[in-house]
Asker: 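Here it is, the structure, as structure tokens.
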Amino acid sequence: MTTITEGVSFDTVAREWRCKWESEKALSAAQSAINEVLESVKATDGVKEVQRVVCGGCKDFKIITSLPADKFGDWEKAEFAPEKDFLAKLKNIEGIETVETQTFTLMKM
């Protein structure tokens, strides 16, 4: 377990790929794009979970991949493969905007 400061520890690190979608057609295409790389993501050494978040109100589409903190660095060194390919696919979908990534820690409370 890693401690950021007193009382704030974590055992999981996650990488989020996210975008905004403008239409159901764009959302469907984003889902197809993740389906194309999903088995590769799940095959990453140490992957605990891959989750999809979709918000119809704010039009968010997010993929969150979590790994144990001690395994995350290896995936980071591999440039979060297949991140580049997936993000490129999203950027080429009409109706997809604001393609971003974020890394954060997770801890069950």
Side-chain angles (χ1 to χ4, degrees):
M1 188 163 337
T2 303
T3 299
I4 298 172
T5 189
E6 186 177 338
V8 183
S9 300
F10 64 92
D11 61 2
T12 302
V13 182
R15 182 72 169 177
E16 179 180 85
W17 303 329
R18 64 177 177 250
C19 64
K20 297 285 188 178
W21 52 276
E22 294 181 344
S23 66
E24 289 180 8
K25 183 178 178 182
L27 175 60
S28 181
Q31 180 64 51
S32 293
I34 192 59
N35 288 346
E36 290 176 20
V37 299
L38 187 57
E39 289 308 312
S40 175
V41 175
K42 288 181 173 182
T44 299
D45 184 37
V47 165
K48 293 171 75 170
E49 191 170 34
V50 179
Q51 297 172 291
R52 185 198 65 217
V53 177
V54 175
C55 177
C58 59
K59 307 285 181 145
D60 282 338
F61 178 85
K62 301 177 180 187
I63 302 298
I64 302 168
T65 304
S66 57
L67 288 82
D70 63 345
K71 294 280 190 176
F72 189 81
D74 292 337
W75 191 37
E76 184 175 32
K77 287 177 189 169
E79 298 180 330
F80 306 110
E83 179 176 274
K84 285 181 183 178
D85 292 338
F86 175 65
L87 298 181
K89 288 175 189 206
L90 285 180
K91 290 175 182 177
N92 285 321
I93 297 170
E94 185 176 338
I96 294 291
E97 297 180 349
T98 318
V99 176
E100 300 174 323
T101 64
Q102 183 177 359
T103 298
F104 51 86
T105 66
L106 296 170
M107 185 68 179
K108 290 192 181 213
M109 303 292 293

Asker: Would you say Val13 and Val8 are hydrophobically clustered, going by side-chain heavy atoms of ILVMFWY under 4.5 Å?
Answerer: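 Cluster IDs for Val13 and Val8 match.
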Asker: List the steps, then state whether side-chain contact (heavy atoms from CB on, under 4.5 Å) holds for Leu38 with Val50.
Answerer: CA-CA 9 Å; Leu38 187 57; Val50 179; 3.8 Å; yes
Asker: Is it possible for you to say whether Phe104 and Val53 belong to one hydrophobic cluster, with membership spreading through side-chain heavy-atom contacts below 4.5 Å?
Answerer: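 Hydrophobic grouping puts Phe104 with Val53.
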Asker: Listing request: all salt bridge (charged side-chain N to carboxylate O under 4.0 Å, His left out) pairs with a residue in residues 39-48, at least two apart in sequence or in separate chains.
Answerer: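 For residues 39-48: Asp45-Lys71.
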Asker: Going by salt bridge (charged side-chain N to carboxylate O under 4.0 Å, His left out), name the pairs with one or both residues in residues 4-14, residues two or more places apart or in two chains.
Answerer: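 Output for this query is empty, none listed.
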Asker: Let me confirm one number: the CG-OG distance from Leu106 to Ser66, rounded to the nearest 0.5 Å.
Answerer: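 Result: 6.5 Å between the selected atoms.
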Asker: Checking the side chain of Ser28 only, and the main-chain atoms of Glu24 only, is there a donor and an acceptor separated by less than 3.5 Å?
Answerer: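 No, the answer is negative, given that no donor and acceptor are paired below the 3.5 Å cut-off.
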Asker: Would you mind listing every salt bridge (charged side-chain N to carboxylate O under 4.0 Å, His left out) that reaches into residues 93-102, with sequence neighbours excluded?
Answerer: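 The answer is Arg18-Glu100.
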Asker: Answer whether the closest heavy-atom distance between the side chains of Phe86 and Ile63 falls below 4.5 Å.
Answerer: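 SC-SC contact between Phe86 and Ile63 confirmed.
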Asker: Over all heavy atoms of both residues, which pair between Phe72 and Ala14 is shortest? Give the atoms and the distance, please.
Answerer: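 So the minimum-distance heavy-atom pair works out to CE1-C, 4.1 Å.
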Asker: Please round to the nearest 0.5 Å and tell me the distance separating atom OG1 of Thr2 and atom CE of Met107.
Answerer: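 Answer rounded to 0.5 Å: 9.5 Å.
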Asker: Quick one, Ile34 with Gln31, criterion side-chain contact (heavy atoms from CB on, under 4.5 Å). Give me CA distance, side-chain angles, the key distance, then yes/no.
Answerer: CA-CA 5 Å; Ile34 192 59; Gln31 180 64 51; 3.5 Å; yes
Asker: Nearest heavy-atom pair of Ala26 and Ile96: which atoms, and what distance?
Answerer: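 Looking at all heavy atoms of both residues, the shortest contact is O-CD1, 3.8 Å.
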Asker: Taking all heavy atoms of Thr3 and all of Thr5, pick out the closest pair and write down the distance.
Answerer: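 Closest approach of Thr3 to Thr5: CG2-O, 3.1 Å.
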Asker: What closest approach, in Å, do Glu79 and Glu83 show between heavy atoms, and which atom pair accounts for it?
Answerer: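 Residues Glu79 and Glu83, closest heavy atoms: O-CB, 3.9 Å.
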Asker: Assess the residue pair Thr101 and Phe80 against the criterion (side-chain contact (heavy atoms from CB on, under 4.5 Å)); give the C-alpha distance rounded to whole Å, side-chain angles, the decisive distance to 0.1 Å, and a yes or no.
Answerer: CA-CA 11 Å; Thr101 64; Phe80 306 110; over 6 Å; no
Asker: Test Asp60 against Lys20 for side-chain contact (heavy atoms from CB on, under 4.5 Å), laying out the working first.
Answerer: CA-CA 5 Å; Asp60 282 338; Lys20 297 285 188 178; 2.7 Å; yes
Asker: Distance from Asp85 atom CG to Ser40 atom OG, nearest 0.5 Å?
Answerer: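 Rounded to the nearest 0.5 Å, the CG-OG separation comes out at 8.5 Å.
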Asker: For Phe10 and Met1, which heavy atoms make the closest approach, and how far apart are they?
Answerer: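 That closest heavy-atom pairing would be O-CG, 3.3 Å.
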Asker: Could you tell me the separation between the CD1 atom of Ile64 and the CH2 atom of Trp17, rounded to the nearest 0.5 Å?
Answerer: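 The CD1 atom of Ile64 sits 11.5 Å away from the CH2 atom of Trp17.
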Asker: Where do Glu22 and Lys59 come nearest, in terms of heavy atoms and distance?
Answerer: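 Looking at all heavy atoms of both residues, the shortest contact is O-NZ, 4.2 Å.
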Asker: Do the side chains of Val41 and Val54 join up, straight or via other hydrophobic residues, at under 4.5 Å, putting them in one cluster?
Answerer: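 They do share one cluster, since a chain of ILVMFWY contacts under 4.5 Å joins Val41 to Val54.
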Asker: Nearest 0.5 angstrom please: Glu16 CD to Thr103 OG1, how far?
Answerer: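 If I round to the nearest 0.5 Å, the distance is 9.5 Å.
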Asker: Rounded at 0.5 Å granularity, tell me how far CG in Leu27 sits from CD1 in Ile93.
Answerer: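 Separation between the atoms: 9.5 Å.
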